[in-house]
Amino acid sequence: MVGVDGIFDSFARESIFKNKSVLQANYNPEIITHREKQIDTIASILAPCLRMEKVSNLFVYGKTGTGKTLSVQYIKEKLLERAKAQNVNLTIEYINCKLKKIADTEYRILAELIRKLGGTIPDTGLPTEVVYNRFIELLESKKQMFILVLDEIDQAIKKISSDFLYNLTRLNSELSQTQISLIGISNDLTFLDNIDPRVRSGLSEEEVVFAPYNAPQLQDILKERVKIAFRTDVVKDGVLEKCAALAAREHGDARRALDLLRIAGELAERESKKEITLEYIDKANEKIERDKILDVVETEPKQFQLTLLAIMNLLESNNHPKIFTGDIYNTYQELCKKTSTEILTQRRVGDIIAEFDMLGLINALVISKGRYGRTREVKLAIPPALVGKVKKILLDSLAL
DNA sequence: AGGTATTCACATGAAACTATTCTCTGAGTTAGG
DNA sequence: TAACTCAGAGAATAGTTTCATGTGAATACCTGT
């Protein structure tokens with residue numbers, strides 16, 4: 001252990017970082033490498049707004065970390081600059097629909113918009129229709145072009161019905177002063193397939209796809225940032241390439257590549273090293289995985305923790321590596337009695353198991369055992385090195 | 001042996017319910033003129 | 001009479017229950033050889 005003074009000392013020394021924020025997620029670079037084509041396309045689609053002409057609704061697809069949000073934000077800034085210079089009354093609002101408690105329902109998205117436009121609206125208690133009316137009122141208060149960017153729109157539509165989008169596209173007919181256009185950003189490429197065709201045609205008049213970066217492209221991106229982020233000679237040979245390769249494996253996620261580099265840097269610095277070597281990338285990779293898992297396990301509500309513990313206990317006692325929903329439910333019930341928690345229905349526990357699958361803590365595969373029914377076959381996806389720690393967290397937090 | 005028909009043990013979906021938190025409204029109350 | 005208080009009605013939301021329907025393939029059950 002270094003001790004508190006030691007920690008402060010190592011921070012007082014010269015950092016290997018020159019400007020760490022460059023590697024953080026919210027950083028907006030001057031130039032967006034390898035996205036020129038998409039940016040041009042989007043720009044040409046949106047350009048008519050500078051002449052106060054209605055802009056086509058636009059849909060942007062691409063996996064996480066492919067630069068969708070970054071590109072759209074970039075164009076937004078440029079457009080606003082230009083609009084100001086040309087005296088065009090243009091408003092562009094960006095809303096991330098995934099943010100819990102802020103914009104993940106119809107009501108909240110509208111409320112957030114109203115706030116951004118300078119209105120006030122309570123968090124709850126009002127009929128949604130009232131919120132609509134206030135929104136329209138605000139829009140109509142002056143003549144303007146309004147572009148609404150809805151990021152991670154697929155997340156929101158899973159919860160809200162697609163009527164919401166329909167209403168938005170239809171809003172123009174109720175507006176006399178304002179022209180409103182939508183830009184939807186989605187991680188899910190199949191998203192548009194499962195929504196109402198009426199909505200689809202209105203919504204996605206134009207589409208732009210962001211393909212995943214490949215490893216060389218990721219390297220280029222990293223190179224750009226490394227120049228600004230680190231002091232010279234901090235990043236050893238092969239480090240960039242490795243970051244890029246690891247991230248390319250994760251569907252070309254640039255964010256992941258940058259995270260790897262940043263955390264590797266932090267780890268190296270913590271050990272008061274002057275350079276980042278390959279081993280730190282491996283450590284960073286592990287740390288990212290570990291933190292993600294531990295964070296999920298810790299913050300999950302009680303019933304989820306009980307379910308997870310049931311799964312882990314079963315896998316431990318049972319030599320077969322295969323366990324099924326029914327077994328889990330039985331063990332879960334026992335655990336509930338032991339902790340005097342109320343027992344949820346099997347229906348619900350089934351959903352909880354499905355959610356763990358989504359989170360990547362387990363692998364659950366729906367199989368048919370023929371005469372013996374249909375069920376999920378569950379395997380733990382937590383790395384063995386972490387199992388002990390996860391279990392301890394569960395036992396602690398459940399006071400067992 | 002080969003072909004159907006059953007059947008299990010859940011999965012998956014939709015709707016309804018519950019508890020909580022919050023707004024708005026209007027009746028009743030209060031205090032000052 | 002104007003301002004204030006406060007209870008009740010109505011909303012949104014998250015988490016759940018209830019009810020209903022779906023489903024893939026191992027078996028049971030035929031059927032004719």
Side-chain angles (χ1 to χ4, degrees), chain A residues 95-115 119-138 152-165 167-168 188 190-191 193-196 296-297 299-308 310-311 314-315 318 320 322-337 339-359 361-379 397-398:
Chain A
I95 289 201
N96 188 332
C97 306
K98 206 172 77 178
L99 296 178
K100 287 246 155 114
K101 305 279 175 188
I102 296 182
D104 59 347
T105 69
E106 186 174 13
Y107 184 101
R108 295 215 262 246
I109 289 173
L110 287 169
E112 184 63 19
L113 271 172
I114 290 173
R115 285 192 199 105
T120 50
I121 197 91
D123 292 335
T124 169
L126 260 51
T128 310
E129 209 186 312
V130 174
V131 188
Y132 261 107
N133 292 336
R134 280 207 205 168
F135 177 55
I136 291 172
E137 229 170 80
L138 264 173
E152 318 244 11
I153 196 171
D154 45 334
Q155 298 290 325
I157 298 307
K158 253 189 274 174
K159 298 183 65 177
I160 324 164
S161 80
S162 55
D163 294 353
F164 171 56
L165 292 179
N167 288 340
L168 281 180
D188 181 3
T190 63
F191 166 63
D193 296 342
N194 352 319
I195 64 175
D196 194 325
V296 169
V297 172
T299 53
E300 219 66 352
K302 197 172 182 185
Q303 296 288 4
F304 283 63
Q305 293 185 333
L306 280 166
T307 312
L308 186 59
I311 294 172
L314 258 179
L315 281 167
N318 203 342
H320 316 258
K322 293 180 181 178
I323 57 172
F324 306 107
T325 307
D327 308 332
I328 296 172
Y329 188 63
N330 290 337
T331 319
Y332 158 82
Q333 279 178 305
E334 284 167 30
L335 280 172
C336 280
K337 278 179 206 148
T339 54
S340 50
T341 315
E342 55 179 328
I343 301 171
L344 299 184
T345 42
Q346 179 155 342
R347 179 72 186 79
R348 178 65 185 138
V349 174
D351 279 349
I352 292 177
I353 293 174
E355 283 186 49
F356 277 135
D357 187 34
M358 293 277 292
L359 288 169
L361 292 185
I362 62 175
N363 287 319
L365 194 64
V366 180
I367 56 159
S368 172
K369 292 191 290 171
R371 193 72 221 273
Y372 304 106
R374 231 164 103 81
T375 183
R376 281 198 178 88
E377 185 184 303
V378 174
K379 279 184 287 187
S397 110
L398 295 166

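Each chain gets a letter, A, B and so on, in the order the sequences are listed, and its residues count up from 1.
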d(A:Tyr107 OH, A:Thr128 OG1) to nearest 0.5 Å is 7.5 Å
Protein heavy-atom contacts under 4.0 Å, written 5' to 3' over nucleotides 13-18 of chain C as B (base), S (sugar-phosphate only) or - (none), form the string SS-SSB
Restricting both atoms to N or O, compile the protein contacts to nucleotides 21-24 of chain C shorter than 3.5 Å, with distance only.
| unit_1 | atom_1 | unit_2 | atom_2 | d |
| --- | --- | --- | --- | --- |
| C:dT23 | O2 | A:Arg374 | NE | 3.1 |
| C:dG24 | O4' | A:Arg374 | NH1 | 3.4 |
| C:dG24 | N2 | A:Gly370 | O | 2.7 |
| C:dG24 | N3 | A:Ser368 | OG | 2.9 |

Pairwise side-chain contact, A:Phe304 with A:Thr299, heavy-atom cut-off 4.5 Å (strictly under):
no
CD1 (A:Ile311) and CG (A:Leu306) are apart, to the nearest 0.5 Å, by 11.0 Å
The reported gap from CD1 in A:Ile157 to CG in A:Leu165 (rounded to nearest 0.5 angstrom) is 3.5 Å
- Task: Decide salt bridge (Lys or Arg N to Asp or Glu O under 4.0 Å) for A:Asp104 and A:Lys158; before the verdict, give the C-alpha distance in whole Å, the side-chain angles of both, and the deciding distance to 0.1 Å.
- Result: CA-CA 10 Å; A:Asp104 59 347; A:Lys158 253 189 274 174; over 6 Å; no
Value for OG1 (A:Thr341) from NZ (A:Lys302), rounded to nearest 0.5 Å, stands at 3.5 Å
CD of A:Glu152 to CG of A:Asp188, rounded to nearest 0.5 Å, is 11.0 Å
Counted 5' to 3', the first and last nucleotides of DNA chain B within 4.0 Å (strictly under) of a heavy-atom of chain A are B:dT7 to B:dC24
To the nearest 0.5 Å, atom CD1 of A:Ile121 lies from atom CG of A:Leu110 at 9.0 Å
Note: A:Arg134-A:Glu137 ion pair, threshold 4.0 Å (strictly below): no
Scanning both residues in full, the closest heavy-atom pair of A:Gln305 with A:Leu398 reads OE1-CD2, 3.9 Å
